[in-house]
Undergrad: 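So that we are looking at the same thing, I have put the structure below in structure tokens.
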Amino acid sequence: MSRVGLGFDAHGFDTERPLILGGLTIPGPGLSGHSDADVLSHALADALLGAAALGDLGGRFPSTDEFKGADSLGLLKECTAAARVAGWHVVNADCTVIAERPKLAIYRDLIIDNLARALEVATDNVSLKATTTDGMGFTGRGEGIAAIAVVMIDSH
């Protein structure tokens with residue numbers, strides 16, 4: 001049996017923090033959030049949890065002191081492990097980062113490597129795209145970054 005999950009996340013910029021996307025630190029202003037604010041890992045984790053009917057990221061890792069500044073790629077790994085325990089494995093993931101900046105093309109392969117390891121799949125089972133909103137909305141005004149992810153899982 002197969003299932004599909006959809007995840008979304010968005011965070012505003014915070015110039016006092018490093019920018020982390022898909023577990024990779026990238027030059028530029030960081031994002032505000034309780035954990036490391038990695039919108040891509042958050043969207044992907046929510047997609048995986050949704051597909052496996054295991055709740056959501058906020059329910060699993062609440063905004064408590066225990067998870068303050070947490071490594072979101074590590075949280076994604078924990079979600080992958082929880083899905084495996086529930087009898088699921090990731091088939092593939094398709095992700096889109098929505099931002100005016102930074103440009104992600106030079107980081108794409110490194111981010112895909114990180115995500116594939118966290119999901120326990122081959123890199124060719126992870127797709128990463130980036131787009132802008134042509135100046136519309138909060139991402140278009142350069143106020144933050146959003147991410148959308150779709151994950152397909154299959155039972156063992």
Side-chain angles (χ1 to χ4, degrees), residues 3-64 67-80 82-83 90-119 121 123-153:
R3 291 185 180 172
V4 175
L6 173 69
F8 172 82
D9 196 34
H11 290 273
F13 284 116
D14 179 347
T15 58
E16 301 298 313
R17 300 181 71 175
L19 177 58
I20 301 169
L21 290 174
L24 185 68
T25 301
I26 296 172
L31 298 169
S32 63
H34 187 74
S35 66
D36 63 8
D38 180 343
V39 293
L40 181 53
S41 293
H42 291 179
L44 197 49
D46 263 342
L48 175 56
L49 291 171
L54 293 174
D56 65 16
L57 194 63
R60 188 167 285 272
F61 306 105
S63 295
T64 61
F67 300 108
K68 186 165 180 58
D71 169 14
S72 296
L73 194 67
L75 300 181
L76 177 58
K77 290 176 185 177
E78 289 188 42
C79 293
T80 301
V90 174
V91 175
N92 72 303
D94 183 25
C95 310
T96 302
V97 174
I98 306 158
E100 297 296 318
R101 60 185 162 90
K103 300 302 181 196
L104 295 181
I106 63 173
Y107 305 109
R108 184 177 176 277
D109 290 343
L110 294 170
I111 292 171
I112 287 173
D113 286 345
N114 284 347
L115 297 177
R117 275 195 306 279
L119 295 171
V121 298
T123 57
D124 61 354
N125 291 44
V126 177
S127 171
L128 175 62
K129 304 170 304 295
T131 191
T132 69
T133 58
D134 293 327
M136 298 182 301
F138 85 94
T139 59
R141 291 187 300 269
E143 297 170 4
I145 296 176
I148 301 169
V150 178
V151 174
M152 176 179 245
I153 60 174

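All of these numbers come straight from a predicted model, not from anything done at the bench.
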Undergrad: What distance do T96 atom OG1 and F8 atom CZ have between them, rounded to the nearest 0.5 Å?
TA: 11.5 Å
Undergrad: Less than 4.5 Å apart, side chain to side chain, heavy atoms only: is that true for C95 and L44?
TA: yes
Undergrad: So how far is it from I112 CD1 to L24 CG, rounded to the nearest 0.5 Å?
TA: 11.5 Å
Undergrad: Pairs of donor and acceptor atoms involving the side chains of residues 45-60, under 3.5 Å and at least two apart or interchain, shall be tabulated with distances.
TA:
from : atom 1 : to  : atom 2 : distance (Å)
D46  : OD1    : L57 : N      : 2.7
D56  : OD1    : G58 : N      : 3.4
D56  : OD1    : G59 : N      : 2.7

Undergrad: Going by salt bridge (Lys or Arg N to Asp or Glu O under 4.0 Å), name the pairs with one or both residues in residues 127-153, residues two or more places apart or in two chains.
TA: D94-K129, R141-E143
Undergrad: Using atom types as modelled, flag every donor-acceptor pair under 3.5 Å from a side chain in residues 97-106 to any protein atom, sequence neighbours excluded.
TA:
from : atom 1 : to   : atom 2 : distance (Å)
E100 : OE2    : T133 : N      : 3.2
R101 : NH2    : G142 : O      : 3.2
K103 : NZ     : E100 : O      : 3.3

Undergrad: Compare all side-chain heavy atoms of R3 with those of M152 and state whether any distance is below 4.5 angstrom.
TA: no
Undergrad: Which side chain to side chain donor-acceptor pair (under 3.5 Å) pairs, counting each pair once, include a residue from residues 110-119, with sequence neighbours left out?
TA: N114-R117
Undergrad: Between CG of L73 and CD1 of I20, what distance do you get to the nearest 0.5 Å?
TA: 10.0 Å
Undergrad: How far does CD1 of I153 sit from CG of N92, to the nearest 0.5 angstrom?
TA: 11.5 Å
Undergrad: Quick check: closest heavy atoms across V39 and H11, and the distance to 0.1 Å?
TA: CG1-CD2, 2.9 Å
Undergrad: Could you tell me if the side chain of L115 sits less than 4.5 Å from the side chain of S41, heavy atoms only?
TA: yes
Undergrad: Would you check if the side chain of T15 reaches a backbone N or O of P29 as a donor-acceptor pair within less than 3.5 Å?
TA: no
Undergrad: Please walk me through it: do I26 and I111 pass side chain to side chain contact (heavy atoms under 4.5 Å, CB included)?
TA: CA-CA 10 Å; I26 296 172; I111 292 171; 4.2 Å; yes
Undergrad: Taking C-beta and beyond as the side chain, do F61 and S72 meet within less than 4.5 Å on heavy atoms?
TA: no
Undergrad: Does T25 have any side chain to side chain donor-acceptor pair (under 3.5 Å) partners at least two apart in sequence or in another chain, and if so, which?
TA: none
Undergrad: Using 0.5 Å steps for rounding, measure from the CG atom of N125 to the OG1 atom of T123.
TA: 8.0 Å
Undergrad: Going by the rule side-chain contact (heavy atoms from CB on, under 4.5 Å), which residues pair with L6 if we only count those two or more places apart in sequence or in a different chain?
TA: I148, V150
Undergrad: Quick one: closest heavy-atom pair of L40 and A147, and the distance?
TA: CA-CB, 3.9 Å
Undergrad: Does a side-chain heavy-atom distance below 4.5 Å link D38 with L76?
TA: no
Undergrad: Once rounded to the nearest 0.5 Å, what's the spacing between atom CG of L31 and atom CG of L21?
TA: 6.5 Å
